[in-house]
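Letters go in sequence order (proteins before strands), and every chain restarts at 1.
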Protein chains: 2
Amino acid sequence: MRNKPLRERIIETSLRLFETYGYHNVSVDQIVKECGTSKGGFYHHFSSKDELLYTIHDQFITYVLEKGHAAYNEWNTPTERLRAIAKSFVVMIDLYKPEVTIFYQESHYLSSDYFPNIVAKRDQYKDLIIKVLREGVECGEFHPQLPVTMAAMFIFGAVNWIYKWYKPDGKYTIETISDIYADLILRMVLSPECLSNYSFFGFLETD
Amino acid sequence: MRNKPLRERIIETSLRLFETYGYHNVSVDQIVKECGTSKGGFYHHFSSKDELLYTIHDQFITYVLEKGHAAYNEWNTPTERLRAIAKSFVVMIDLYKPEVTIFYQESHYLSSDYFPNIVAKRDQYKDLIIKVLREGVECGEFHPQLPVTMAAMFIFGAVNWIYKWYKPDGKYTIETISDIYADLILRMVLSPECLSNYSFFGFLETD
DNA sequence: GTTTGCAGACCAACTGGTCGGTCTCTTTAT
DNA sequence: ATAAAGAGACCGACCAGTTGGTCTGCAAAC
């Protein structure tokens with residue numbers, strides 16, 4: 001930690017502080033003190049506190065987007081792809097809890113210079129889900145009348161919301177959660193024929 | 001507007017300002033200027049800017065909770081109840097857009113004095129959904145192995161997320177959205193037998 | 001006359017950001 | 001090989017602006 005580049009140390013420290021206290025309750029002074037640097041050091045690496053927030057956002061959303069595309073390319077059918085994307089997203093929430101929290105809690109405070117960039121990438125992710133859903137409808141795996149845009153927003157919301165309640169040491173492991181969520185999603189979109197080929201929630205009893 | 005009680009005017013004004021610029025980007029000076037009062041007037045009705053935020057939160061969550069229980073009592077089967085609760089929640093998002101936005105964007109900035117109260121009421125709403133789901137599983141309308149807690153969080157997230165993208169003058173009316181979402185939810189939770197009794201998404205073609 | 005509802009000048013604290021300067025390491029000239 | 005020169009990383013005292021909140025005053029209501 002001590003000999004990591006200062007820039008990284010600032011990001012890591014502010015990640016922790018922002019997650020705990022919120023962006024607006026953490027001052028630059030606090031950040032630099034906490035990671036043993038100075039105002040000068042901070043403003044040498046970031047042009048403003050706002051740019052730091054942007055950097056955090058961008059690093060995170062870029063990573064998520066990559067993972068999404070990777071999951072898409074790794075599989076060949078819409079059903080498998082949807083499951084893979086959903087699962088990878090849920091697991092990511094566990095790995096990047098602070099980033100996720102800050103991303104969703106503070107993104108509306110991004111200055112207008114940085115905002116469009118982030119929104120664009122977020123939309124790309126949404127479009128990926130829509131694409132998978134549409135391909136699934138076309139090849140008959142998903143329900144023929146599925147309203148794909150709405151379904152995509154529905155799924156996106158459900159999965160995103162996890163960060164609001166997920167606790168790493170809670171009752172359910174992230175793996176279990178991701179399995180359940182994937183099942184719920186598939187139950188929702190699969191066509192009647194494909195639906196009967198699957199058995200859902202087999203691995204646990206009602207709680 | 002002019003002759004409404006000052007307290008209400010302050011709330012309405014700050015609702016508008018908070019939604020547009022965010023809680024932290026709106027100063028008390030701005031609020032009092034915008035609704036034609038003064039610092040004295042403001043602090044006569046609210047002990048702090050924080051209490052104003054709490055008041056907004058509490059008014060809103062109390063209303064939502066009431067609506068949820070009303071929807072529950074109005075119907076008799078889990079399926080109808082779940083549909084009614086979901087629909088009423090979605091429609092509420094349209095009616096109370098500023099309140100919803102502020103609630104979800106700023107609730108983590110509530111001071112610790114007020115926070116527990118809000119969390120308690122939010123949990124009550126979550127418990128209501130869990131209750132309906134559990135009753136549905138017990139009477140056989142919903143899937144026997146449905147993980148009710150997870151399903152509740154899933155539904156809660158999906159529906160809540162709407163405020164992030166919904167535009168009153170967008171492509172879909174709030175009525176259409178609420179119908180689609182209710183269908184998606186029921187497809188997800190219904191038992192195989194009950195599922196086949198319904199036709200879903202009948203009212204529109206794939207988009 | 002006393003309480004209530006509001007006005008607005010005022011303040012202490014804190015904030016993000018600046019700026020001149022130092023220290024270290026690399027490059028170049030001799 | 002060594003000295004000179006330059007560049008990049010970092011320091012920390014300082015500043016101007018803004019913020020939430022207070023306080024005295026005053027006019028109307030009871």
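Side-chain polar atoms of A/E141 and A/T79 form a donor-acceptor pair below 3.5 angstrom. Between the side chains of A/D50 and A/Y114, no donor N or O sits under 3.5 Å from an acceptor N or O.
Between the CD1 atom of A/I31 and the P atom of C/dT15 there is a distance of 11 Å, rounded to whole Å. In this entry the distance linking CG of B/L17 with P of D/dG20 reads 12 Å, nearest Å. Between A/F42 atom CZ and D/dG8 atom C1' there is a gap of 19 Å when expressed in whole angstrom units. One atom, OH of A/Y21, and another, P of C/dT15, lie 14 Å apart when rounded to the nearest Å. A/K33 places its NZ atom 15 Å from the P atom of D/dC11, with the value rounded to the nearest Å. Rounded to an integer number of Å, the gap from A/H24 NE2 to C/dC14 P is 19 Å. Between the CZ atom of B/R9 and the P atom of C/dG5 there is a distance of 14 Å, given to the nearest Å. For the pair A/L6 CG and D/dC11 P, the computed distance is 7 Å after rounding to whole Å.
Ring planes of B/W161 and A/W161: perpendicular class, angle over 60° (limits at 30 and 60°). Using cut-offs of 30° and 60° on the angle between ring planes, the pair A/Y109 and B/Y109 is perpendicular.
Counted within 6.0 Å of NZ on A/K97, heavy atoms from surrounding residues, nucleotides or ligands total more than 12; the atom is thus considered enclosed. For OH of B/Y63, the number of neighbouring non-hydrogen atoms (other residues, nucleotides, ligands) closer than 6.0 Å is greater than 12.
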Hey, what are the protein-to-nucleotides 24-30 of chain D N/O distances that come in under 3.5 Å?
none

Atom pairs under 3.5 Å, N or O on each side, protein against nucleotides 12-15 of chain D: can you list them with distances?
residue	atom	partner	partner atom	Å
D/dG12	N7	A/G40	N	3.3
D/dG12	O6	A/G40	N	3.0

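Because its NZ or CZ atom is both nearer than 6.0 Å to the ring centre of B/Y23 and within 45° of the ring axis, B/K49 counts as a cation-pi partner of that residue. In this structure, B/K131 is positioned above the aromatic face of B/Y72, its NZ or CZ under 6.0 Å from the six-membered ring centre and within 45° of the axis.
The side chain to side chain contact (heavy atoms under 4.5 Å, CB included) with A/I102 is formed by just one residue from the set A/E99, A/E106, A/Q105; it is A/E106.
In the region residues 43-58 of chain B, proximity to DNA chain C at under 4.0 angstrom, judged on heavy atoms, holds for B/H44, B/H45.
In this structure, B/V32 reaches neither bases nor backbone, as no heavy-atom distance under 4.0 Å exists between it and the strands shown.
Under a 4.0 Å N-O distance rule, the pair A/E74/A/R81 does not qualify as a salt bridge.
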Chi angles and distances behind the side-chain hydrogen bond (donor to acceptor under 3.5 Å, both in side chains) call for B/D113, B/Y54: CA-CA 10 Å; B/D113 299 337; B/Y54 166 74; over 6 Å; no
